[in-house]
Amino acid sequence: MTDATSDPDKIEGPTPDNALRAADAAENLGGPVLAADGTPLKKSLARALRMQKLRALALIAPLLIFVLVTFIAPIADMLFRSVENQIVSETLPRTVAALEDWDAESGELPGDAVFEAAYTDIFIAAENKRHTRLGTRLNYELTGVSSLFRKSGRGLDDIGEVYLDQFEDLDENWDEALPWAELMGTEASVAAFREWEAAEDAAREAGRDFDEPIPSFELRADISETLPRTAEMYQRFATFMEVEEEDSAFEEEPWSIVYTRLYEDLRDGDMSSYDGPRAEMLQAADALVDNPDFETVTLQDGFEEIDEDWLDPEVWRTIQTYSPNYTSGYFLNAVDMQKTPDGPALRDEDERIYGLLFKRTMFMSLMITFSCILLAYPVAYLLSNLPMRSANLLMILVLLPFWTSLLVRTSAWKVMLQQQGVINDVLVWLGLVGDAERLVMINNQFGTIVAMTHILLPFMILPMYSVMSTIPPYYVRAAKSLGATNWTAFWRVYFPQSVPGIGAGSILVFILAIGYYITPEIVGGTTGTFISNRIAYHISSSLNWGLAAALGTILLAVVLILYWAYDRIVGIDNVKLGG
Amino acid sequence: MPILTEIKKQPMSFTLPVVGAFGAFAGIFVGTANGSTFLGILIGFALLAALAYVALEVLGTEREKQAKWGIIGLLVVLGVLLGGLPGLVLGGLFGWFFGWLVYWVGMGRYRAPLPPYLTGGQVLWHYSFRVLCGAIFVFLITPILVVMPLSFNAEDFFTFTPEMLRFDPEGYSLKHYRDFFTSSEWQQALRNSVIIAPVATLLSVSFGTLAAIGLSSEHVPFRRAIMAILISPMIVPLIISAAGMYFFYSRIGLQGTFAGVILAHAALGIPFVIITVTATLVGFDRSLTRASANLGADPVRTFFKIQMPLILPGVISGGLFAFITSFDEVVIVLFVGSANQQTLPWQMFTGLREQISPTILAVATILVAISIALLTTVELLRRRSEKMRGLSPG
């Protein structure tokens, strides 16, 4: 868009710019020139200029906003996802905080505080059904974590149940919802619940529908002083029941972790001075806990019981390494590296796949570009040297594939290249290939290269043609009349003039090839796929969106660099469509 | 350029080997198909050389027509003897080609369109180059042509059956087309495509045309940056756009909705509209709008009465590009859409991946017909636009 017609400084005729210049010139000669309404001409022209700019922007604005929202925002979101890593610190906030002081280099297990925090975090995550997601996330970094978290979601109840069983043996009430609510809740809220219960019973007897909501649970202030840890966890349980499950703490016995907390509170505190509701029940439990026969488990043993892997410092190191909100982990993964205590390092030889994939994508895109150059050059040469009428006719043969649906062409190649396909049938019929040894031309690199060369060939022919048709024929004639051989005339005179066309076509084809998805997916099999197929796999099958985003970001960067080169060589504005 | 090249009958010592060589080349294939390559080459060479001798020396140019028909007849009989009905067709084609070749080579007619000073080697190169280009054109067009007859296959095969090669009517049927028009899945896909593509096109054309007009006025701040943003959907690889849109649209609840797919497709179509319309506006004479304003028309009236009719060809061809982009698009639909938004390309893609039925080929044929129609329209519009703007005399 920087051509002469749109550059304000180069337009001749009545434009605001030129008028301003004229006004400047007039001013230098003598006094300010006035417009018809008496304002200085300069001022009113400046206003006109501003109006024009605003009008142009107002016309562009709707589209600009549209593209920003529907297209640029998604790309930005993808870039953000490639470094985003809130899931660890959101799911395991306490563990992450507790792990801060732990030295991963020591080779020792983290202290009890970390196990304590992990117990709480994973228990809550499991109730919210978020632990498997976190497990999946960490599994990208350390294989086996996924099953570890899945097991722990179920297994952590075992720790609390050790205490639950003993309290229950002491007093049945410990396994009931209402006694717990009476112990922990305000008298008002317990009374409200009893009223509601009575009303519900009455309604049921009368056969009426009853849909009053259960009154919500309120924690009593003094109990959070007497049993601080239990109260905190019980409050969390009650809120969860009301908000997530649409149930009530009045009707459900608490989570098993509440019993662990109760044990800890009773172990550390003395209940003899407590005189609130359910005092005897609590004091009896206190006495039980103080009894040396009371069975306890340390959290570390509890975790070991679930899975021995919890005693592997590597697991904790992984959690610690990936606890920051933003991570370079996905990008390291995308280039076959991983985080280690000594900084990023290459993965083991047999785990490297992305380097191979990137190399293969590059190699195949180059092969496709190269075969496109080979095939397009003669055709473009012929088209630009034929008389207009026949060139236009032949151009249709180039434009028809260009306009035909990509899927049609891909399916056509699938039909042609199959082992029972048209090409093999013809070869067998001609006797060039035996019926038993039909060529394997599909589901490998060959298939992808052939099909994509065909699909991208018009993108090479069209720019080459538009460059070649501007090359004047008399240079070659002059060269020949000066004694050059055909080859010299072509190589030293014609070819250098056609190089811009080759450059433009090559970059265009390469950019298009490097991000292709559909054709490699259908004719590429396992050895003929591109990095884009891997991105699609991570989005829809393995659900490792962060890695998909990181791979996408790298691919995008490569394309943008190429595009920048294209702009330097050809110019964005010279993009032409359909010849 | 006056053609001064002398056309004269070539000596037999030139004609016979050349025509014979073509015969030998054809003989390779006929021979291999029938058991003996070597015999094929020998017979092909001898047969064609003999035919050329008879045609040129005995019959001559006066009875050229009879000679050509004779060659066709002979090769048809030979074809039937060797290969039945397909042999007949191939024999006919070969006969027509060789009849022409014999006189073309023998009477030196190949020299006619060339300058007289070319050496023999240059003439040979000229025609080899043509043949090479012909082969590339065959490569370009064959896959599209092969799909069409296969879509009339009576069997569920992706290749030609023996019945089809015998031109047995039993081998052909419209069953895949019937499949397409009766299967509820395909019809649903067709309906979805017909809903999504026009709405997306309408969006990109209306926004795009306005913006292109804004961009073409003289005073636009940040023109390059704006242009880069507006063109970006065309540059970013589809898989990346699809990934980004999948992430972002599922955040804001557009994933798996028609609105999401339509917005995504409209974004993809915008660069095409911008490029074609700005290209049309380059040749637009601004004094026309000034004249219109001078005569008392308000900007809206000026736009619809003066500017729009002149840039309409550009707008329509931009719209067609946007339409075909959306109509053909599959990557974005695969990610942004859900089962309810299955379009024709989606259906074809899953069909190809799982290889269910050749109905795909019937759909492909229909799509090729549509693209031929669109190509014709765009080409006509382009010519009309150039004529209107006085860029070409045509």
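Order of the sequence lines fixes the chain letters, A, B, ..., with proteins taken first and strands second; residue numbering starts at 1 for each chain. Values reported hereafter were calculated over all heavy atoms of this structure, with side chains retained and with hydrogens, waters and symmetry mates removed.
- For chain B, the nearby part of A:Ile461 is the side chain; its heavy atoms alone come within less than 4.5 Å.
- Here the closest heavy-atom approach between residue B:Thr142 and residue A:Met416 is recorded as CG2-CE, 4.3 Å.
- Annotation for B:Ala266 and A:Phe66: closest pair CB-CZ, 3.7 Å, computed over non-hydrogen atoms.
- Closest heavy-atom contact between B:Phe139 and A:Val450: CZ-O, 4.1 Å.
- A:Val67 touches chain B through its side chain: at least one heavy atom from C-beta onward sits under 4.5 Å away, while N, CA, C and O do not.
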For a quick test of your reading: what N or O donor-acceptor pairs under 3.5 Å do the side chains of residues 232-240 of chain B make, sequence neighbours left out?
| residue | atom | partner | partner atom | Å |
| --- | --- | --- | --- | --- |
| B:Ser232 | OG | B:Ile229 | O | 2.6 |

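- Heavy atoms closer than 4.5 Å to chain B are found in the side chain of A:Phe80, but not in its backbone.
- The part of A:Leu386 that comes within reach of chain B is its side chain, from C-beta onward, which places non-hydrogen atoms under 4.5 angstrom from that chain.
- Not counting sequence neighbours, the partners of B:Arg251 by the salt bridge (Lys or Arg N to Asp or Glu O under 4.0 Å) test are A:Asp77.
- Residue A:Ile518 touches chain B through both its backbone and its side chain, counting heavy-atom pairs closer than 4.5 Å.
- Among all heavy-atom pairs drawn from A:Ile75 and B:Ser241, the shortest one is CD1-CA, 4.2 Å.
- Neither the backbone nor the side chain of A:Leu79 has a heavy atom closer than 4.5 Å to any heavy atom of chain B.
- Relative ring orientation between B:Phe129 and A:Tyr381 is described as perpendicular, the plane-to-plane angle rising above 60° on a 0-90° scale split at 30° and 60°.
- Summarising the geometry, atom OG belonging to A:Ser540 is positioned 5.0 Å from atom CZ belonging to B:Phe335; distances are rounded to the nearest 0.5 Å.
- Proximity to chain B (any heavy atom under 4.5 Å) is restricted, for A:Val559, to the side chain, taken from C-beta onward.
- Across all non-hydrogen atoms, the minimal contact from A:Val69 to B:Phe248 is O-CE2, 3.7 Å.
- Using a 4.5 Å heavy-atom cutoff, the side chains of B:Ile372 and A:Leu400 are in contact.
- Proximity to chain B (any heavy atom under 4.5 Å) is restricted, for A:Asn392, to the side chain, taken from C-beta onward.
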Start with the C-alpha gap between A:Leu64 and B:Ile226, add the side-chain angles, then the distance that decides, and say whether side chain to side chain contact (heavy atoms under 4.5 Å, CB included) holds. CA-CA 7 Å; A:Leu64 196 60; B:Ile226 292 177; 4.1 Å; yes

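- For a residue to count as touching a neighbouring chain, one of its non-hydrogen atoms must lie under 4.5 Å from one of that chain's; by this rule A:Leu407 touches chain B with backbone and side chain alike.
- For the set B:Val220, B:Val368, B:Val331, the entry with the most heavy-atom pairs within less than 4.5 Å of chain A is B:Val331.
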Run A:Leu397 and B:Ile141 through side chain to side chain contact (heavy atoms under 4.5 Å, CB included) and show every step you take. CA-CA 7 Å; A:Leu397 295 184; B:Ile141 213 77; 3.9 Å; yes

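- The closest side-chain heavy-atom distance from A:Trp545 to B:Tyr246 is below 4.5 Å.
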Please determine whether side chain to side chain contact (heavy atoms under 4.5 Å, CB included) holds for the pair B:Ile144 and A:Val408, giving the CA-CA distance in whole Å, both sets of side-chain angles, and the decisive distance to 0.1 Å. CA-CA 8 Å; B:Ile144 298 171; A:Val408 172; 5.5 Å; no

